[in-house]
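This report concerns only the one structure given below.
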Amino acid sequence: MTTQRGQFIVFEGIDGSGKSTQSQMLSDYPVSKGRKVHMTRQPSDRFVGKAIREVLEKRQVVPPQSLAAMFLADRYDHILGEGGILSYLESGVDVICDRYFWSSFAYHGLDMEIPFVIDLHKEIFELLMPDITFFIDLQPADAIARIAKRSAQRDLFEKESLLTTIRQNYIFAFEQFPDTKIVKINGNQSVEKVHEDLVGEL
Ligand code: ADP
Ligand code: TYD
């Protein structure tokens, strides 16, 4: 008997849009259908992902091009490495990932041309496209208000004007992939309503 490959479900959105909250809530859904689920995120919790967090948390400084390349390196390892995403999918487990390559297009698009960043990912597209991407859309001012409630510490990208450009970059990047399933969800609703909208798309 051949195992049916798992579904690869990706969450995207600006910082504070509700990705972590919703990906956690959605983790029960495959289980309710008798499927197994693996939760993960990018930057990953692997070797390169940990180095990226050093930069995001300002303990290390690297040029923006290096950071973009680190995310690409992390992505290869996260997909192909031992215990990586492909190994789960191939054994029939659904994988829910908090951020994927769309984040690179949106965030590194602040420092370089988005088509260039997309081009760097050509081989990744062959390795692993999401089966569905949920874009939780929230206005930057609302996201900032949520982040401010969550903690006083702001990381690199948590500023309103940057988030505005990042949101526009997401929209531009999605337009470059008309054949890919990307579902925009209104993030400015209760946690329960956002969840209901997401499940309605699966
Ligand atoms: P992200 O992972 O996109 O940064 P989080 O899921 O961490 O976002 O949510 C950011 C903050 O907003 C958290 O404090 C969370 O509890 C809160 N939050 C998430 N979803 C909603 C919602 N629909 N309405 C109000 N607050 C929310
Ligand atoms: P994280 O703490 O996961 O933020 P959040 O809870 O808001 O998702 O930090 C991830 C940060 O890394 C976030 O600001 C977006 C950024 N990022 C990139 O710049 N490029 C990428 O390819 C990815 C996946 C994330």
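As the structure lists them, so they are numbered: ligands from 1, and atoms in each ligand from 1.
Contact atoms of ligand 1 toward Val191: 20 (N), 21 (C), 22 (C), 23 (N) (distance under 4.0 Å to a heavy atom of the residue). Residue contact check: Gln42 has heavy atoms under 4.0 Å from atoms 24 (C) of ligand 2. If you number the atoms of ligand 2 from 1 as listed, the ones under 4.0 Å from a heavy atom of Asp15 come out as 4 (O), 7 (O), 13 (C), 14 (O). Near Arg53, meaning under 4.0 Å from any of its heavy atoms, are these atoms of ligand 2: 2 (O), 3 (O).
On a distance-only criterion, Arg99 and ligand 2 share at least one N/O pair closer than 3.5 Å. Checked against a 3.5 angstrom limit, the closest N/O atoms of Asp15 and ligand 1 fall outside it. Of the N or O atoms in Asp98, none lie within a sub-3.5 Å distance of an N or O in ligand 1. For Ser20, no nitrogen or oxygen atom sits less than 3.5 Å from a nitrogen or oxygen atom of ligand 2, counting backbone and side chain alike. For a threshold of 3.5 Å applied to N or O pairs, the pair formed by Gly16 and ligand 1 contains at least one separation below that value.
Glu12 and Tyr100 are not linked by any side-chain donor-acceptor pair at a separation below 3.5 angstrom, with hydrogens and angles left out of the test. Donor-acceptor pairing under 3.5 Å is lacking for the side chains of Tyr88 and Thr40. No side-chain donor-acceptor contact under 3.5 Å links Arg146 and Ser17. Gln189 and Asp197 share a side-chain donor-acceptor pair at under 3.5 Å.
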TODO: Take Asp45 and Arg41 through the test salt bridge (charged side-chain N to carboxylate O under 4.0 Å, His left out) and record every step on the way to the result.
DONE: CA-CA 8 Å; Asp45 297 311; Arg41 61 178 182 168; 2.6 Å; yes
Open item on the list: For a ring-ring contact (aromatic ring centres under 6.0 Å, His included) check, start with the C-alpha distance between Phe135 and Phe174, then their side-chain angles and the critical distance, and finish with the verdict.
Closed with: CA-CA 10 Å; Phe135 175 54; Phe174 292 144; 5.1 Å; yes
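Under a 4.0 angstrom heavy-atom cut-off, His108 registers as being in contact with ligand 2.
Contacts with ligand 1 closer than 4.0 Å are made by backbone heavy atoms (N, CA, C, O) of Gln189 only, the side chain lying farther away. Only the side chain of Arg75 comes within 4.0 Å of ligand 2, counting heavy atoms alone; its backbone N, CA, C and O stay farther away. Using a 4.0 Å cut-off between heavy atoms, Leu67 makes no contact with ligand 2 at all.
Nearest-residue assignment for atom 11 (C) of ligand 1 (options Lys19, Glu12, Arg146, Glu192; heavy-atom criterion): Arg146.
Note: Trp102 and Phe177 meet the aromatic proximity criterion, with ring centroids under 6.0 Å apart.
Looking at residues two or more places apart in sequence or on another chain, you find no side-chain hydrogen bond (donor to acceptor under 3.5 Å, both in side chains) involving Thr180.
Judged as a ring-ring contact (aromatic ring centres under 6.0 Å, His included), the pairs with a partner in residues 49-74 (not counting sequence neighbours) are, in order, Phe71-His108.
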